[in-house]
Undergrad: 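Would you mind keeping the following structure in view while I ask a few things?
Keep in mind that this is a model prediction, so the values were computed, not measured. Per chain, numbering begins at 1; letters A, B, ... match sequence-line order.
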Amino acid sequence: MPQPSADPTIRVRIAPSPTGPLHIGTARTALFNFLFARHVGGTFLFRLEDTDVARSTEAYERDIIDGLHWLGITWDEGPDAAGGGDIGPYAPYRQMLRLDLYREASDRLLAADLAYPCFCTPEELDADRKAQEAARQPPRYVGRCAALNAAERAARLAESAPPPAIRFRVRPGIVGWNDLIRDRIEIDTANLGGDFVIVRGDGTPLYHFTVVVDDAAMEISHVIRGEDHVSNTPKHILLFEALRHPVPIFGHLPLILNPDGSKMSKRKSQTAVDDYRAEGFIREGLLNYFSYLGWSPGTEEDVLSIEEVIEKFDIDKVQKGGARFDRSRLEWLNGQWIRRLEPDELIDRLRPFLQAALVDGRIDRLPSDGEVGALLPVVQERLPTLAAVVDLVGFLWVDRLAIDPIVVVPKRWDAATTREALALGRDILAAHDAVTWEADELEPPLRALVETRGWKAGDLFMAIRVATTGRTATPPLFDTLVALGRDRTLARIDAAIETLAATV
RNA sequence: GCCCUCAUCGUCUAGAGGCCUAGGACGCCACCCUUUCAAGGUGGAGAUCAGGGGUUCGAAUCCCCUUGGGGGCACCA
């Protein structure tokens, strides 16, 4: 990756939580941070927010790290993608390994009475919430434990009851910031829902707290994240202030939306990057597409490499409104990038998809790289995704082809004509030996046959196409027959003739 | 319910007061090419710039209101 002039004052991060496979939204946020950092030569770091122990898994962790690296979104500091330890001056970059830091920070807040222990039980909190809901009031912490004095706290602490959580005191007033993307935003802290919990009763810290402690510790200069965090930002600013650390610059990206306009969700969209990868979307296409979701260089170019996007990226040109996910546009871009791949590269990337097809029985034999390479001239421009190769030319590598006798008969013909034409065509093809089995050798004699019989070339070709491939849509017929080979071509035509005879 | 926020073709967007009778791309339609399917080429339909008020000689662009959409209000992240 090109790094123009290194700027040590720019430090951004992606901080996913390993509670699910790599999500498109996470990838997009990571990409914009990456673009922002690379454009100016800043530092991009990766931090795992794994404090939700119940939902976090190592498998998801792996999936997120691998997925981002597969896309080419690489970080300067963070977990080693190869599986080694964390790399960077602020290691570790996993929150569960930074518990001491949060403990120390919460102690400081407690000592300064900027936070206090809260003894409320889940039942009490729940009852509060229900009452507020019934009174059509916005939910907020009622402050039951806010004014406890030292003696009362000591007494409560002495009780066996569950250990207290720690709440941060929300000070009254307006909190505002100049958002990189949406300019000035101001929020009255009265709307924050009251004092909020920063440490659970079991001692583990909560997101709002860890994110601030870590962004402070890691000297993050710009927090670029999804718009869903706008209303959390005041809490974070309050915490930065309480911790006596300069407040970073915030920038809130527009969300990626479902086709119906709601926040992207698994229910309504395919959200896992893995799933797109499995379908044969390539990183170039995905990156190009994501870059243009909520951003545009302001020119009329649509197909840009990641290097070009890095060069042109400008956070000021990021859109404010959310962007709906448009799969057909992604497919088009993906096809554009597949067409731009070098032959050897494309063969490499196709291989896993061919292997997968072999494993699940859609093909019976794995073609050699040479075979695939020979096909590229007619296949490359026909692939919206890599996986589409099996649909396109998988018939080349199956042992037994199922022919639908209805489909093999061209619209203008009947079964008898088709059988006759296939037989005549077969004999003409059989006259070729291995040396003359070439596309431009095969075609003329068949056209001559069509001429003498007064047929349409398209009809004969279609009958042969379906007989030899089982499909009505294929790459150019004669290139296909060459790929199939003389023996299999003749055998398949024979089989088709037989099938036709049986049905007449 | 409360708070925040957004608003240009179906979709992604260009547009920073006159260059806009609003441009590009995807998708869609037609034609060309053509043995099918793609790709490619050409052309077309498609947005009274959400609506209403201002400001201005002049507004998609600035201000206000309305409407609509989205997000957030946890001992989740």
Undergrad: Rounding to an integer number of Å, can you tell me how far A:Phe478 CZ sits from B:U34 P?
TA: 15 Å

Undergrad: Quick check: does any side chain N or O of A:Asp195 sit under 3.5 Å from a backbone N or O of A:Arg167, one acting as donor and the other as acceptor?
TA: no

Undergrad: Counting primed atoms plus P, OP1 and OP2 as sugar-phosphate and everything else as base, spell out the protein contacts along nucleotides 37-49 of chain B at 4.0 Å heavy-atom distance: B, S or - for each nucleotide, 5' to 3'.
TA: BBSS---------

Undergrad: Under 4.0 Å, counting only non-hydrogen atoms across every strand here, what does A:Leu477 touch: a base, just sugar-phosphate, or nothing?
TA: base

Undergrad: For residues 474-483 of chain A, which side-chain donor-acceptor pairs fall under 3.5 Å, sequence neighbours excluded?
TA:
{"residue": "A:Thr474", "atom": "OG1", "partner": "A:Arg465", "partner atom": "NE", "Å": "2.9"}
{"residue": "A:Thr480", "atom": "OG1", "partner": "A:Pro475", "partner atom": "O", "Å": "3.2"}
{"residue": "A:Thr480", "atom": "OG1", "partner": "A:Pro476", "partner atom": "O", "Å": "2.8"}

Undergrad: What distance, rounded to whole Å, do you find between the two C1' atoms, one in B:A47 and one in B:U42?
TA: 24 Å

Undergrad: Can you tell me the pairing partner of B:C28 across any strand shown, Watson-Crick or G-U wobble, with both distances under 3.5 angstrom?
TA: B:G44

Undergrad: Can you check each nucleotide of nucleotides 71-77 of chain B against protein heavy atoms at under 4.0 Å and return B for base, S for sugar-phosphate only, - for none, in 5' to 3' order?
TA: BSBSBBB

Undergrad: With A:Glu227, which residues qualify under side chain to side chain donor-acceptor pair (under 3.5 Å), at least two apart?
TA: none

Undergrad: Just jot down the side chain to side chain donor-acceptor pair (under 3.5 Å) partners of A:Trp455, sequence neighbours excluded, or say none.
TA: none

Undergrad: Can you list every pair that meets side-chain hydrogen bond (donor to acceptor under 3.5 Å, both in side chains) and has a residue in residues 132-144 of chain A, with sequence neighbours left out?
TA: A:Asp128-A:Arg144

Undergrad: Using ring pair (Phe, Tyr, Trp, His ring centres under 6.0 Å), reason through A:Tyr289 and A:Phe325 one step at a time and then give a plain yes or no.
TA: CA-CA 10 Å; A:Tyr289 180 69; A:Phe325 191 84; 5.3 Å; yes

Undergrad: Taking atom CZ of A:Phe281 and atom CD of A:Gln270, what is their separation to the nearest 0.5 Å?
TA: 7.5 Å

Undergrad: For A:Ser328, which residues count as a side chain to side chain donor-acceptor pair (under 3.5 Å) partner, sequence neighbours excluded?
TA: A:Asp326

Undergrad: Taking CG from A:Leu442 and C1' from B:U35, how many angstroms apart are they, rounded to a whole number?
TA: 13 Å

Undergrad: Does any pair with a residue in residues 45-60 of chain A pass salt bridge (Lys or Arg N to Asp or Glu O under 4.0 Å), and if so which ones, sequence neighbours excluded?
TA: A:Arg47-A:Glu49, A:Arg47-A:Asp214, A:Arg47-A:Asp215, A:Asp52-A:Arg55

Undergrad: Atom CD1 of A:Ile181 and atom P of B:A7: how far apart are they, to the nearest Å?
TA: 13 Å

Undergrad: Once you round it to whole Å, what is the distance between P of B:C26 and CH2 of A:Trp337?
TA: 15 Å

Undergrad: Show every salt bridge (Lys or Arg N to Asp or Glu O under 4.0 Å) that has at least one partner inside residues 280-290 of chain A, sequence neighbours left out.
TA: A:Glu284-A:Arg349

Undergrad: By side chain to side chain donor-acceptor pair (under 3.5 Å), which residues pair with A:Arg171, not counting sequence neighbours?
TA: A:Glu241

Undergrad: Expressed in angstrom and rounded to an integer, what is the separation of A:Asp479 atom CG from B:U35 atom P?
TA: 13 Å

Undergrad: Indicate for each nucleotide in nucleotides 8-16 of chain B, in 5' to 3' sequence, whether protein heavy atoms under 4.0 Å reach the base (B), only the sugar-phosphate (S), or nothing (-).
TA: ---BBSSS-

Undergrad: Polar atoms only, N or O, under 3.5 Å: list the protein pairs with nucleotides 28-32 of chain B and their distances.
TA:
none

Undergrad: Please evaluate the base of B:U35 for a donor-acceptor partner in the side chain of A:Arg447 within a cut-off of under 3.5 Å?
TA: no

Undergrad: For residues A:Leu350 and A:Leu383, report the shortest heavy-atom separation together with the two atoms involved.
TA: CD1-CD1, 4.3 Å

Undergrad: Between A:Phe209 and A:Phe196, is there a side-chain heavy-atom distance shorter than 4.5 Å?
TA: no

